[in-house]
There are 2 protein chains.
Amino acid sequence: MTGETERREAAEHLALTLVGAGMQRMGARALAAFLFAEKDTLTAGDLADELGVSAGSVSGAVKMVAQMGLIERIHVAGSRREHFRMRANAWTTLYSRQHSVVDDVLRAVEKGVDAVGPGRAHDRLEYMRDFYTFLLNEAPMLVERFERQRRGGPRS
Amino acid sequence: MTGETERREAAEHLALTLVGAGMQRMGARALAAFLFAEKDTLTAGDLADELGVSAGSVSGAVKMVAQMGLIERIHVAGSRREHFRMRANAWTTLYSRQHSVVDDVLRAVEKGVDAVGPGRAHDRLEYMRDFYTFLLNEAPMLVERFERQRRGGPRS
DNA sequence: CCCTGTCTTCAGAAATTTCTGAACGTTCGC
DNA sequence: GCGAACGTTCAGAAATTTCTGAAGACAGGG
């Protein structure tokens with residue numbers, strides 16, 4: 001149940017799904033490559049081989065994914081190659097990141113609340129503001145709860 | 001503090017932010033138009049005027065936003081025009097919808113867990129699966145909590 | 001029934017995003 | 001230092017998304 005082909009298909013499928021969730025295509029493919037790799041670290045060359053793309057594309061993808069905090073650069077002394085490793089907290093980071101987008105929306109909404117006088121629009125905007133404020137408060141607690149729960153009782 | 005220009009600017013800015021959050025441009029602009037409108041319902045013509053775009057664009061945008069469950073069609077008897085109204089629970093709906101994307105990701109991950117044998121990749125995939133499973137379970141509770149809290153004590 | 005106003009669809013234009021390949025830097029081994 | 005291996009950047013090509021305008025469908029009034 002571990003044909004190389006099947007593994008790659010699963011990786012590509014996950015990458016495509018992440019694209020559907022809003023990630024850039026190449027970044028998603030790179031991330032999936034890390035996720036599905038048996039090795040702990042990959043070089044840019046490994047990625048180019050695995051994904052079948054140019055060095056330039058790999059460079060761009062890695063830059064983005066690293067900037068998102070999902071992978072980290074590992075400088076190996078005495079090697080010209082630069083290694084990358086997926087960070088342990090990549091998924092919670094990704095989730096938090098989505099909530100920085102929520103924060104942007106919230107700011108825009110607050111601007112809207114200030115811009116309109118009393119009326120229906122004002123009420124709608126306040127409701128939206130309250131919901132997004134709520135989300136923004138709760139999200140970190142969610143993540144924390146997951147981590148505690150996982151440490152505490154990783155049964156099943 | 002309610003110049004018409006200022007109102008439109010705020011609406012456009014919010015629309016742009018929603019685009020940054022992954023929404024289609026025209027859909028976001030339409031949604032913002034509803035949010036900022038003083039009227040309770042808008043017709044396609046109203047939207048075309050407000051946004052300065054063609055009827056075709058409005059049709060496409062409205063179709064998408066309606067399909068997302070954010071607005072609803074109101075058929076007015078004895079009128080050729082079709083009215084639309086923003087649904088009260090639009091924001092919680094939008095949030096839940098984002099979590100259907102999470103569900104897609106989860107499925108893809110599970111496929112991955114099945115596709116790889118024991119090893120690092122398998123461990124990583126399991127971790128990811130657990131986190132997304134957790135999120136998917138918690139999200140509905142979050143929304144429910146917000147709604148209860150708002151009903152219960154809408155102070156401040 | 002036809003006419004008119006309204007909405008939808010769709011082919012193609014325009015804009016935007018994404019990828020590549022080649023030129024340029026950088027760093028290590030010698 | 002020099003040469004070779006890697007990595008990065010960037011202009012342009014390719015692919016994708018988005019918008020428009022025109023043609024057609026549909027409903028109601030006359």
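- Salt bridge A:E4/A:R7: present, at least one basic N to carboxylate O contact under 4.0 Å.
- Using a 4.0 Å cut-off, some side-chain N or O of A:R73 falls inside it from OP1 or OP2 of D:dT8.
- The closest donor-acceptor contact from the side chain of B:S59 to the backbone of B:A55 lies at 3.5 Å or more, if one exists at all.
- Side-chain contact check for B:E138 versus B:L142: every heavy-atom pair is 4.5 Å or farther apart.
- Each of A:G56 and A:Q24 was assigned the nucleotide of DNA chain C with the nearest heavy atom; the assignment lying further toward the 5' end belongs to A:Q24.
- Among the heavy atoms of the strands, none lies under 4.0 Å from A:V58.
- Nucleic acid contact class of B:R80 (heavy atoms, under 4.0 Å, all strands): base.
- Judged by distance alone, with hydrogens and angles left aside, the side-chain atoms of A:R29 form a donor-acceptor pair with the main-chain N or O of A:L51 at under 3.5 Å.
- In 5' to 3' order, the nucleotides of DNA chain C bounding all contacts with chain A (an atom under 4.0 Å from a heavy atom) are C:dT18 to C:dG29.
- For the pair A:E82 CD and D:dA5 P, the interatomic distance rounds to 19 Å; values are reported in whole Å.
- Ion pairing of B:R85 with B:E72 is present here, as a side-chain N (NZ or NE/NH1/NH2) and a carboxylate O approach within less than 4.0 Å.
- In this structure a side-chain-to-backbone donor-acceptor pair under 3.5 Å is present from B:R124 to A:A37.
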